[in-house]
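Proteins come first, then strands; the chains are lettered A, B, ... in the order of their sequence lines, and each starts at number 1.
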There are 2 protein chains.
Amino acid sequence: MIFMKTELETKRELSVQIADAIRNAIINGTLIVDERLPSEAELSDKFNVSRPTVREALKRLAAQNLIRTMRGATGGAFVNRLRFEDAYGQQITTSTLLLSMNEVDFETACEARFTLERACAPLSAKRRTGEHLATMRAEIHRQSQSGLSDEAFCASDVAFHRALVDGAGNPVLSYQLAGAVEAIEPLMNMITFSARSREQIVALHTEIADAIEAGAADQAEAALKALEKYTVALAHDVAARRRD
Amino acid sequence: MIFMKTELETKRELSVQIADAIRNAIINGTLIVDERLPSEAELSDKFNVSRPTVREALKRLAAQNLIRTMRGATGGAFVNRLRFEDAYGQQITTSTLLLSMNEVDFETACEARFTLERACAPLSAKRRTGEHLATMRAEIHRQSQSGLSDEAFCASDVAFHRALVDGAGNPVLSYQLAGAVEAIEPLMNMITFSARSREQIVALHTEIADAIEAGAADQAEAALKALEKYTVALAHDVAARRRD
DNA sequence: ACAGCTTCAATTGTCTGACAAATGATTTTT
DNA sequence: AAAAATCATTTGTCAGACAATTGAAGCTGT
């Protein structure tokens with residue numbers, strides 16, 4: 001069995017130590033994907049702690065998506081295959097909180113997001129499929145409809161940019177960018193988009209989609225740069241109006 | 001008080017529902033940084049569950065760095081200010097597991113990493129401080145010493161590239177890149193670096209540092225591109241030799 | 001032999017009640 | 001006034017119990 005009857009350190013909480021031990025076993029490959037961990041009763045034996053303590057440790061791991069648990073005779077805790085989609089959620093929550101709690105100003109967040117996104121543009125121009133293009137066009141169309149709430153407009157904006165990033169065909173990039181693109185949405189939601197500014201954004205989105213379709217990386221990067229500049233300017237306007 | 005005596009849904013586990021409720025309160029600002037949550041006893045009352053169940057919920061949140069707990073008369077659970085440094089660790093663990101569990105090939109991971117890193121180069125060329133440069137030079141020096149283990153060489157490589165990224169002076173970028181740069185290290189560790197290839201890498205690092213120092217963004221990007229190409233080639237050699 | 005039903009055993013989910021350990025506040029003592 | 005002892009509160013840990021779930025095993029009727 002994986003875990004010897006080992007005595008743990010003192011000082012730190014037992015559930016933390018146990019969670020660490022299991023996490024390390026997962027990371028270094030001692031426990032492999034879909035492998036079943038010992039039952040809670042067995043683990044309490046192995047680590048010489050009570051079942052509630054073991055459970056707290058397992059809940060810590062579950063919160064990180066490292067294990068899943070199921071009840072029943074064949075149930076138990078299993079090492080989870082961490083999927084990109086699952087990781088998106090964590091990434092977005094963490095990034096959102098980081099921005100809101102550390103009072104990152106809009107400009108900094110915007111710079112990070114567009115810097116990373118521009119980096120994806122050349123790959124996307126080369127590799128995007130028809131589906132990516134279709135999504136981008138569809139979102140542009142949605143954005144140009146009147147009567148769209150600011151939230152819906154922002155959500156569509158996110159969808160547009162994710163299609164652009166996904167077009168690069170690199171899941172690692174998509175994962176990394178998920179945080180950057182989505183975390184900024186709450187900040188964007190503070191902006192009120194006038195008909196005039198929506199029009200401008202739609203025009204830039206169209207320019208981007210055209211460039212991606214044509215395989216014109218430079219053009220896409222330039223349009224993204226213009227979009228960043230315009231977005232920051234909009235945010236400044238809002239801030240200025242707030243001060244009045 | 002924040003949480004009304006609310007009845008929860010059925011089906012999903014209670015500790016998950018409670019954790020979600022508190023997490024949402026943190027995200028939407030109902031609970032602010034450093035605010036103290038009700039004691040475990042109070043929470044069990046509020047949610048009509050037992051204390052172990054409340055504790056499992058709190059441990060889930062603690063695993064995500066959303067709260068910290070302290071014992072004693074004035075202790076309790078407090079909303080944690082999520083710091084960038086704390087988030088680095090999570091990001092790296094998650095990214096590492098994503099790569100190893102999803103069998104992302106080296107080339108894809110490498111492409112993502114260098115694509116993002118190249119995006120940081122222009123900003124770093126503009127804003128890097130003397131300290132960033134000094135770190136880069138020091139790591140280059142370390143890398144050129146003989147008798148360095150492959151692991152130490154890789155670790156120094158990571159430190160070099162982090163200094164480059166940090167030079168951009170955008171904490172959001174640094175955070176995002178931490179995962180990309182560090183997660184690839186385990187994959188890099190499978191490469192055996194010959195004296196010849198170390199020499200080559202050191203030369204490219206020097207080229208990068210020179211370009212950053214001179215504010216020459218294009219040159220830095222070109223050198224990074226060359227480094228990516230060389231790294232991928234090295235990995236291919238290793239794979240080819242393995243097949244023999 | 002096979003399909004459907006019942007029973008069973010293992011496992012997680014939840015509860016109760018208790019005690020230990022830590023720790024700031026309070027009181028007492030010097 | 002300073003130091004020491006005490007206290008109250010809160011988290012950490014434990015033991016034991018029962019409920020709920022669920023696949024497996026066994027049984028039954030055809």
Side-chain angles (χ1 to χ4, degrees), chain A residues 1-3 5-22 26 31 34-80, chain B residues 1-3 5-22 26 31 34-80:
Chain A
M1 181 32 56
I2 308 301
F3 305 104
K5 208 155 189 170
T6 174
E7 60 256 24
L8 305 164
E9 330 152 20
T10 52
K11 271 296 143 210
R12 269 159 71 235
E13 297 159 28
L14 294 173
S15 68
V16 174
Q17 297 175 50
I18 293 168
D20 285 349
I22 299 177
I26 295 176
L31 286 167
D34 290 337
E35 184 169 342
R36 184 178 173 282
L37 275 77
S39 71
E40 294 174 355
E42 288 175 280
L43 285 173
S44 1
D45 264 7
K46 296 249 161 59
F47 288 107
N48 273 308
V49 299
S50 66
R51 194 156 83 94
T53 303
V54 167
R55 283 182 60 81
E56 288 180 11
L58 293 179
K59 294 320 159 200
R60 295 183 118 103
L61 298 174
Q64 297 179 306
N65 262 305
L66 294 181
I67 61 170
R68 60 181 185 280
T69 58
M70 279 167 330
R71 296 208 237 193
T74 60
F78 298 83
V79 177
N80 220 1
Chain B
M1 181 33 55
I2 308 298
F3 305 104
K5 208 156 186 167
T6 173
E7 62 255 21
L8 305 164
E9 332 153 17
T10 53
K11 273 296 145 210
R12 267 157 74 234
E13 296 160 28
L14 294 173
S15 68
V16 174
Q17 298 175 48
I18 293 167
D20 285 348
I22 299 176
I26 294 176
L31 287 167
D34 290 336
E35 183 170 341
R36 184 177 173 284
L37 275 74
S39 72
E40 295 174 355
E42 290 175 279
L43 286 173
S44 2
D45 264 8
K46 297 249 161 59
F47 287 108
N48 272 309
V49 298
S50 66
R51 192 157 83 95
T53 302
V54 167
R55 282 181 62 80
E56 287 181 11
L58 293 178
K59 293 318 157 201
R60 295 185 120 101
L61 298 173
Q64 297 179 305
N65 261 306
L66 294 181
I67 60 170
R68 60 180 184 280
T69 57
M70 278 166 332
R71 297 207 235 192
T74 58
F78 298 83
V79 177
N80 220 3

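Counting only heavy atoms from C-beta outward, the side chains of A:E42 and A:D45 never approach each other to under 4.5 Å. Contact of the B:I67 side chain with the B:I26 side chain is registered, since non-hydrogen atoms from C-beta on lie closer than 4.5 Å. Within the 4.5 Å cutoff, the side chain of A:L66 has no heavy atoms near those of the A:I22 side chain. Side chains of B:L58 and A:K59 form no contact here, defined as non-hydrogen atoms less than 4.5 Å apart. Side chains of A:R68 and A:D34 form a contact here, defined as non-hydrogen atoms less than 4.5 Å apart.
In this entry the distance linking CD of B:E42 with P of D:dT10 reads 7 Å, nearest Å. Remark: P of C:dT14 and CG of B:L43 are 16 Å apart, rounded to the nearest angstrom. In this entry the distance linking CZ of B:R68 with C1' of D:dT11 reads 15 Å, nearest Å. Across the protein-nucleic acid pair, A:I67 atom CD1 and C:dT11 atom P stand 15 Å apart, rounded to whole Å.
Once rounded to the nearest 0.5 Å, the distance linking CD of A:Q17 with CZ of A:R12 reads 5.5 Å.
Nearest heavy-atom pair across A:L61 and A:A19 is CD2-O, 3.6 Å.
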Close N/O contacts between protein and nucleotides 13-17 of chain D (under 3.5 Å):
residue, atom, partner, partner atom, Å
D:dT13, OP1, A:L14, N, 2.7
D:dT13, O4, B:R51, NH2, 3.2
D:dC14, OP2, A:S50, N, 2.8
D:dC14, OP2, A:S50, OG, 3.1
D:dC14, OP2, A:T53, OG1, 2.8
D:dA17, N6, A:R51, NH2, 3.4

Identify each atom pair where a protein N or O and an N or O of nucleotides 8-10 of chain C are less than 3.5 Å apart, giving names and distance.
residue, atom, partner, partner atom, Å
C:dA10, N3, A:A73, N, 3.3

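Within the 3.5 Å criterion, the main-chain N or O of B:G75 finds a donor-acceptor partner in the side chain of B:R36.
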